[in-house]
Peer 1: 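Below you will find the structure I want to go over with you.
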Protein chains: 2
Amino acid sequence: MDESRRERKKRQTRRLIAETAIRLFGERGYEQTTVAEIAAAADVATKTFFNHFPSKEDVLFTGTRERNAVLLAVIAGRRPGESLPDLLTRMYEKLLADYRAEGVEAEDPELMKTYTRLVMTVPALRAKALYMSFELQKEIAETLVKVYPDELDPVGAAAVVGSVIGAVQGAALASMDLGEPEERFWASMRRGFDLALRSLRTP
Amino acid sequence: MDESRRERKKRQTRRLIAETAIRLFGERGYEQTTVAEIAAAADVATKTFFNHFPSKEDVLFTGTRERNAVLLAVIAGRRPGESLPDLLTRMYEKLLADYRAEGVEAEDPELMKTYTRLVMTVPALRAKALYMSFELQKEIAETLVKVYPDELDPVGAAAVVGSVIGAVQGAALASMDLGEPEERFWASMRRGFDLALRSLRTP
DNA sequence: TGCATTCTTGCACTTTGTGTAGTTTCATGA
DNA sequence: TCATGAAACTACACAAAGTGCAAGAATGCA
């Protein structure tokens, strides 16, 4: 057995709390929902919530570290002779693929949509998401320096990564605000990505 | 009299609270300092703190709205025939000029340094700063669309702005982390800006 | 079964932030 | 100069987030 009963149960409560939280946030709004209410709805003690998640916000950002690790692995796994734009493109494709896959394998796709809406609209969650995105940027930049030691210095790498992620984020949010349908949304993100990459392809 | 005594006193207490806060944050750390302690040190009631600032974080982001308004005014005041890169460059120069001026005219330059260090290092403050930066990006993008109606659409504008600000932020933070001296720091920021702008100059 | 580990729970406590009502201070007009 | 209203400050009660600790319940293992 490669997962003990104890570990399984812990993971189950954790998941139960997270899903209950998203559901309640979706129904009543983030600020209007208290941790005590979430815990009650999931039938656990309030303290149990904080045993699993360091803060109320964190219940919405559970898998982030693992997802980031995947992206960093793409960078670290630069193929021999692979150019910087090509590597970044491969990372971007990986990001998209993972996001779509997650939407498919999710038990309740409705929760995914609620989740996205929450992170886009609630200020506290937006701030947290931006913070984590920025931390990821720093890690990506550091890895890039390791992988392109002759071509990139820390400042240059940080500028490149900031430019690319900034453009993608900006385009994505603008598309969201316009209420573009899903296909247009992906196209808009791609536009942002391509725009930022132009400055790398024409040195 | 173009400022009543009442307004003057209000501004004074507000300023006193803000400076006391930065000083205490610098001495004991942000999380280790309670609002009650700040209020006591400034000799006002705890509630008075929250009358002036909606949250503990906000005491460090007082002038932001005014500064943002200045940048937006630069965009809105596009000169006839001025190209997008030129306008963005003018906005960037304005940003630098204001930042340096503020450092000079500040009563206590030591507080400025403490302030910068706090915003760069404390997660809660970084997140807030990033959030506000992102809100500013959206406003800049909207203004750009108004000013370049034939050349920019909402998504394209957001991508451009995100790319530029992302690159500058990334370069600035990397420079900070490297502990570069002040002159190198400005040069690094400029590198980020120029990098992002290359994609606009070569269509 | 017995024992150690780990997860959960309950409880007391601090801190941030809100609502409200009362007090002081200031501006203004008779 | 004094009365009056508005604005700022204060005091107090309260809700919610989050922490620390000790006790209880479930699990793993011998």
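Just so we're on the same page: letters track the sequence lines, and every chain starts at 1.
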Peer 1: Cation-pi check, B:Lys56 to B:Tyr30: give yes when NZ or CZ is under 6.0 Å from the six-membered ring centre and within 45° of the ring axis, no otherwise.
Peer 2: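 Satisfied, under 6.0 Å and within 45°.
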Peer 1: Using 4.0 Å as the upper bound for N to carboxylate O, is an ion pair formed by B:Arg198 and B:Asp194?
Peer 2: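 So B:Asp194 does not pair with B:Arg198 through a salt bridge.
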Peer 1: Using only heavy-atom distances, determine whether the side chains of A:Ser55 and A:Asp58 contain a donor-acceptor pair under 3.5 Å.
Peer 2: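 Checked: A:Ser55/A:Asp58 side chains pair up, N/O donor to acceptor below 3.5 Å.
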Peer 1: What is the separation between atom CZ on A:Phe53 and atom P on D:dA17, rounded to the nearest whole Å?
Peer 2: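 After rounding, the reported distance stands at 15 Å.
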Peer 1: When you measure from every atom of DNA chain C, which of residues 118-132 of chain A have a heavy atom less than 4.0 Å away?
Peer 2: none
Peer 1: Assess whether a salt bridge exists between B:Glu37 and B:Arg28, defined as any Lys/Arg side-chain N lying under 4.0 Å from an Asp/Glu carboxylate O.
Peer 2: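 Yes.
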Peer 1: What pairs of nitrogen or oxygen atoms, one from the protein and one from nucleotides 5-9 of chain C, lie under 3.5 Å apart?
Peer 2:
from, atom 1, to, atom 2, distance (Å)
C:dT5, O2, A:Arg6, NH1, 3.2
C:dT5, O2, A:Arg6, NH2, 2.8
C:dT6, O4', A:Arg6, NH1, 3.3
C:dC7, OP1, A:Lys10, NZ, 3.4
C:dT8, OP1, A:Thr13, OG1, 2.9
C:dT8, OP2, A:His52, NE2, 3.0
C:dT9, OP2, A:Ala45, N, 2.9
C:dT9, OP2, A:Thr48, OG1, 2.4

Peer 1: Could you tell me whether the side chain of B:Tyr115 and the main chain of B:Ile22 form a donor-acceptor pair under 3.5 Å?
Peer 2: no
Peer 1: Can you tell me how far P of C:dG17 sits from CD of B:Glu57, to the nearest Å?
Peer 2: 7 Å
Peer 1: Using whole Å, report how far CD of A:Gln32 lies from P of D:dA15.
Peer 2: 17 Å
Peer 1: So which pairs with a foot in residues 138-149 of chain B pass salt bridge (charged side-chain N to carboxylate O under 4.0 Å, His left out), sequence neighbours left out?
Peer 2: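 Of all non-adjacent pairs touching residues 138-149 of chain B, those that pass salt bridge (charged side-chain N to carboxylate O under 4.0 Å, His left out) are A:Asp177-B:Lys138.
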Peer 1: May I ask you to decide if the ring planes of A:Trp186 and A:Tyr99 are parallel, tilted or perpendicular, using 30° and 60° as cut-offs?
Peer 2: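 Because their plane-to-plane angle is over 60°, the rings of A:Trp186 and A:Tyr99 count as perpendicular.
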Peer 1: For a quick check under 3.5 Å, do B:Asp86 and B:Ser83 share a side-chain donor-acceptor pair by atom type?
Peer 2: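 Yes, because at least one side-chain N or O of B:Asp86 sits under 3.5 Å from a partner of the opposite role on B:Ser83.
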Peer 1: Rounded to whole Å, how long is the line connecting atom CD of A:Glu31 with atom P of D:dA16?
Peer 2: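 Between P of D:dA16 and CD of A:Glu31: 13 Å.
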Peer 1: It should be established whether B:Arg5 places a side-chain nitrogen or oxygen under 4.0 Å from OP1 or OP2 of nucleotide C:dA27.
Peer 2: yes
Peer 1: Given atom CD of B:Glu3 and atom P of D:dA8, what is their separation to the nearest angstrom?
Peer 2: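 To the nearest whole Å, that distance equals 12 Å.
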Peer 1: Whole-Å distance between C:dT16 P and A:Lys56 NZ?
Peer 2: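 Taking atom P of C:dT16 as the reference, NZ of A:Lys56 is at 17 Å.
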Peer 1: Return the value, rounded to whole Å, for the distance between atom CG of B:Asp58 and atom P of C:dT18.
Peer 2: 10 Å
Peer 1: From the set C:dT18, D:dA17, C:dT15, return the single nucleotide nearest to any side-chain atom of B:Phe50.
Peer 2: C:dT18
Peer 1: Closer than 4.0 angstrom, basic N to acidic O: yes or no for A:Lys10 and A:Glu3?
Peer 2: no
